[in-house]
Amino acid sequence: MAATTPMASMAISTVVVMLLSSAMAAHASGGGEKADNTSLVMEACKNISGEPFKVGFLPEFCASTLLSDHRSAEAKDCRDLALITADILKVHAAAMVGKVDNMLREGGRIATKDKIAARALRLCRADYGGMVNTLQICYNIIQDFGRKGKHGPTPSELPECVEKTTNSIKDCTHEVCSTSVAGTMAMANEILEKLAIVSKALINLFLADKKDRN
Ligand SMILES: *[C@@H]1O[C@H](CO)[C@@H](O)[C@H](O)[C@H]1NC(C)=O
Ligand SMILES: *[C@@H]1O[C@H](CO)[C@@H](O)[C@H](O)[C@H]1NC(C)=O
């Protein structure tokens, strides 16, 4: 993602603080149905930025990602939010398969003139394609957790599954690092990586909450 200026990120933080406090107020006063759902998102995004998750970037990314998806309005708990982010990540990974295909188009500059970048991009394409498949499996694991009796997924399987996708993103970044497409791919991979981090943190938040209640 493009670096935001200090002024811009300060403005964003202010907006989020305002959103957070109004969401908390709505929650405290019972709120309407819509306010409750917004407060679930804001509270979850605030919680993953604190102990013990400490997602390095501020809660803005988490909140703006979730609030821009209409499914968040129906979310009941952090499992639902984790499922939404996992699905958004899958859609982004699938879009990257298409983007790389475009970059590698027969007769295009990279395919004909830059064999090194082309080889790296083919490996990235495999990484992204793998992510799409893996995320479908993760989605089912997250959904089945606690609902399939003793043969269902164990708690550690949930974050571990999403972690696999982080490895794929890192692999791609590594492949392209000294090629002409390093910059383009780094920008895209940074967003994917943030989505994977948020998704994994929301899963851990869901698991922690579940443990607290048992
Ligand atoms: C956020 O953390 C607070 C304090 O630990 C907890 O009571 C609350 O349930 C958490 N919210 C979510 C959505 O996980
Ligand atoms: C969110 O909104 C939906 C309907 O829009 C409602 O069914 C659901 O219970 C709400 N969730 C929370 C946590 O308030």
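Counting convention: from 1, in listed order, for ligands and their atoms alike.
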Open item on the list: Are any of the N/O atoms on E43, whether in the backbone or the side chain, positioned under 3.5 angstrom from an N/O atom of ligand 1?
Closed with: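 Checking ligand 1 against E43, an N or O pair does fall under 3.5 Å apart.
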Does the protein put any heavy atom within less than 4.0 Å of [atom]?
{"atom": "atom 7 (O) of ligand 1", "value": "no"}
{"atom": "atom 11 (N) of ligand 1", "value": "yes"}
{"atom": "atom 4 (C) of ligand 1", "value": "no"}

Open item on the list: When you compare the side chain of Y128 with that of L192, does any pair of heavy atoms fall below 4.5 Å?
Closed with: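 Yes. Closest side-chain heavy atoms under 4.5 Å.
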Open item on the list: So which atom in L81 and which in A75 form the shortest heavy-atom distance, rounded to 0.1 Å?
Closed with: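 Closest approach of L81 to A75, heavy atoms only: CD2-CB, 3.6 Å.
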Open item on the list: If the cut-off is 4.0 Å to any non-hydrogen atom of C78, which atoms of ligand 1 fall inside it?
Closed with: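 Taking each heavy atom of C78 in turn, ligand 1 has 13 (C), 14 (O) under 4.0 Å.
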Open item on the list: With heavy-atom distances below 4.0 Å as the criterion, list the atoms of ligand 1 near L205.
Closed with: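 So the atoms of ligand 1 that pass are 14 (O).
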Spatial distance of atom [atom1] ([X]) from atom [atom2] ([Y]) [nearest 0.5 Å]:
{"X": "N189", "Y": "M96", "atom1": "CG", "atom2": "CE", "answer": "6.0 Å"}
{"X": "D80", "Y": "R71", "atom1": "CG", "atom2": "CZ", "answer": "10.5 Å"}
{"X": "D114", "Y": "R109", "atom1": "CG", "atom2": "CZ", "answer": "6.0 Å"}
{"X": "D209", "Y": "C78", "atom1": "CG", "atom2": "SG", "answer": "6.5 Å"}

TODO: Specify the protein heavy atom at minimum distance from atom 2 (O) of ligand 1: its residue, its atom name, and the distance to 0.1 Å.
DONE: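 The closest heavy atom on the protein side is N47 ND2, 2.3 Å.
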